[in-house]
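Note sheet for the following structure.
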Amino acid sequence: MSARLTQAFFAREVEIVARDLLGRHLVRDRGTPDEVVLRITETEAYGGPEDTASHCRAGRTARNAPMWGPPGHAYVYVCYGLHQMLNLVTGEEGRGQAVLIRSCELVSGGEIVRARRRMDRDAPALLAGPGKVGAALALDRSFSGASLFDEGALEAHEGTPIVDRDVLVGPRVGVDYANARDRAAKKRFAIAGSRWVTHANSLRRARSR
DNA sequence: TGAGCGATTAAA
DNA sequence: TTAATCGCTCAT
């Protein structure tokens with residue numbers, strides 16, 4: 001088990017953190033029989049009142065309050081009434097930034113995840129899509145605002161960072177309500193070649209060689 | 001107090 | 001292409 005990511009890691013600009021979170025690990029219930037470890041494979045950056053795709057676009061509300069808080073905390077909200085979406089708050093306190101965790105690859109705890117998702121025992125845990133990540137980690141709104149630095153429930157670990165040539169970028173998914181600039185903004189990041197990525201056809205190499 | 005909708009997913 | 005499903009936001 002690698003070391004925990006620090007608050008300084010999360011305190012940087014949201015696009016930087018979103019890209020750097022690829023290859024990092026999310027750990028649920030560390031050290032218990034229910035421990036689950038996921039490797040982050042796809043992320044999206046949302047940030048500040050100037051981003052018309054962000055939940056913070058209209059300022060502070062009861063729901064998005066954690067996004068305005070200190071970095072390294074979770075922001076969890078319900079989408080379409082049934083999906084628990086996990087975000088990790090970034091930037092200095094007050095910026096209103098967070099990274100949406102869109103997809104992960106199972107590292108360990110497959111039995112736990114399969115039981116939660118009621119999947120066939122022999123089927124691979126396909127965690128492509130933010131709703132599936134929330135389900136695999138058994139998250140609910142009580143996690144919104146929780147610190148990643150407290151012992152236990154939800155932690156973020158160093159894992160193995162991804163080199164630039166293996167990073168894909170593209171527009172964010174499901175933000176048609178935003179203005180043209182924010183709809184087109186390449187704020188989605190994914191690991192090249194990973195099976196655990198959504199909408200792969202709209203992703204391109206971040207850096208050509 | 002309530003209408004409208006959403007950073008989605010699975011099934012038809 | 002569409003149903004599922006309900007908390008949040010904002011307009012009465």
Side-chain angles (χ1 to χ4, degrees), chain A residues 10 13-19 21-22 26 38 40-69 71 73-91 95-106 113-120 123-146 154 168-191 195-203:
Chain A
F10 292 101
E13 279 299 300
V14 65
E15 293 90 347
I16 301 294
V17 180
R19 182 245 171 276
L21 275 171
L22 297 175
L26 292 172
L38 305 183
I40 298 172
T41 55
E42 181 185 358
T43 64
E44 281 178 352
Y46 288 88
E50 72 281 1
D51 179 3
T52 62
S54 170
H55 283 178
C56 286
R57 61 188 178 277
R60 184 177 182 126
T61 66
R63 179 177 66 157
N64 69 27
M67 283 185 71
W68 301 96
H73 288 235
Y75 166 49
V76 179
Y77 68 92
V78 179
C79 185
Y80 292 97
L82 55 163
H83 303 298
Q84 313 291 322
M85 313 284 273
L86 172 63
N87 300 255
L88 306 182
V89 178
T90 76
R95 294 295 306 279
Q97 300 180 339
V99 174
L100 172 66
I101 308 300
R102 282 196 61 86
S103 303
C104 291
E105 175 180 351
L106 181 65
V113 171
R114 278 186 280 274
R116 287 172 178 165
R117 299 203 52 233
R118 297 193 177 89
M119 292 180 58
D120 185 309
L126 293 172
L127 304 181
K132 295 181 181 180
V133 173
L137 294 173
L139 300 180
D140 58 58
R141 286 194 332 291
S142 71
F143 280 82
S144 201
L154 184 61
L168 303 180
V169 301
R172 293 171 293 185
V173 177
V175 294
D176 290 346
Y177 55 82
N179 67 28
R181 169 183 62 103
D182 294 328
R183 264 178 292 156
K186 291 184 165 35
K187 295 187 177 183
R188 185 160 65 103
F189 305 86
I191 299 176
R195 179 179 175 187
W196 291 269
V197 170
T198 66
H199 304 268
N201 54 354
S202 64
L203 293 170

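In what follows, chains carry the letters A, B, and so on, assigned in the order in which the sequence lines appear, proteins first and then strands, with residues in each chain numbered from 1. Just so it is clear, the values below take in all heavy atoms, side chains as well, and ignore hydrogens, waters and symmetry mates.
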Next item on the list: Starting at atom CG of Asn64(A), determine the distance to atom C1' of dT9(C), rounded to an integer number of angstrom.
Entry: 11 Å
Margin query: What is the separation between atom OH on Tyr46(A) and atom P on dG6(B), rounded to the nearest whole Å?
Written below: 13 Å
Notebook entry, point to check: Is there a Watson-Crick or G-U wobble partner for dA7(B) with both distances under 3.5 Å, and if so, which one is it?
Noted result: none
Notebook entry, point to check: Taking atom C1' of dT5(C) as reference, at what distance in whole Å does atom CD of Gln84(A) sit?
Noted result: 12 Å
Next item on the list: Kindly indicate, with the supporting measurements, whether the criterion salt bridge (charged side-chain N to carboxylate O under 4.0 Å, His left out) is fulfilled by Arg95(A) and Glu13(A).
Entry: CA-CA 9 Å; Arg95(A) 294 295 306 279; Glu13(A) 279 299 300; 2.7 Å; yes
Next item on the list: Indicate, with a heavy-atom threshold strictly under 4.0 Å, whether Arg172(A) touches base, sugar-phosphate, or nothing.
Entry: nothing
Notebook entry, point to check: When the distance from OH of Tyr77(A) to P of dT9(C) is rounded to whole Å, what number comes out?
Noted result: 12 Å
Next item on the list: Give the minimum heavy-atom separation between Arg172(A) and Asp182(A), together with the two atoms involved.
Entry: NH2-O, 3.0 Å
Next item on the list: Whole angstrom is fine here: how far is it from CZ in Arg188(A) over to P in dT8(B)?
Entry: 10 Å
Next item on the list: Could you check which nucleotide pairs with dG2(B) in any of the strands shown, counting Watson-Crick or G-U wobble with both distances under 3.5 Å?
Entry: dC10(C)
Checklist line | Leu82(A) side chain, from C-beta outward: closest of dT9(C), dA7(B), dA4(C) | finding: dA4(C)
Next item on the list: Would you indicate, yes or no, if dA7(B) has its OP1 or OP2 atom less than 4.0 angstrom from a side-chain nitrogen or oxygen of Tyr177(A)?
Entry: yes
Notebook entry, point to check: Phosphate oxygens OP1/OP2 of dT8(B): is one of them under 4.0 Å from a side-chain N or O of Arg102(A)?
Noted result: yes
Notebook entry, point to check: Between Thr41(A) and Trp196(A), which heavy-atom pair has the shortest distance, and what is it?
Noted result: OG1-O, 2.5 Å
Margin query: Quick check on dA10(B): is either OP1 or OP2 less than 4.0 Å from any side-chain nitrogen or oxygen of Lys132(A)?
Written below: yes
Note to self: Whether the side chain of Tyr80(A) and the base of dA4(C) hold a donor-acceptor pair under 3.5 Å is what I'd like checked.
What the structure shows: no
Note to self: Rounding to an integer number of Å, can you tell me how far His55(A) NE2 sits from dG7(C) P?
What the structure shows: 16 Å
Item checked: Enclosure of Leu82(A) CG (heavy-atom neighbours >12, cutoff 6.0 Å) -> yes
Check: Does OP1 or OP2 of dC6(C) have a side-chain N or O of Arg141(A) closer than 4.0 Å?
Finding: no
Item checked: Heavy-atom check, side chain of Cys56(A) versus side chain of Tyr46(A), under 4.5 Å -> no
Notebook entry, point to check: Expressed in angstrom and rounded to an integer, what is the separation of Leu86(A) atom CG from dT8(B) atom C1'?
Noted result: 15 Å
Item checked: Whole angstrom value for the distance that separates C1' of dA7(B) from CG of Asn179(A) -> 15 Å
Next item on the list: Report yes if a side-chain nitrogen or oxygen of His83(A) is closer than 4.0 Å to either non-bridging phosphate oxygen (OP1 or OP2) of dA7(B); otherwise report no.
Entry: no
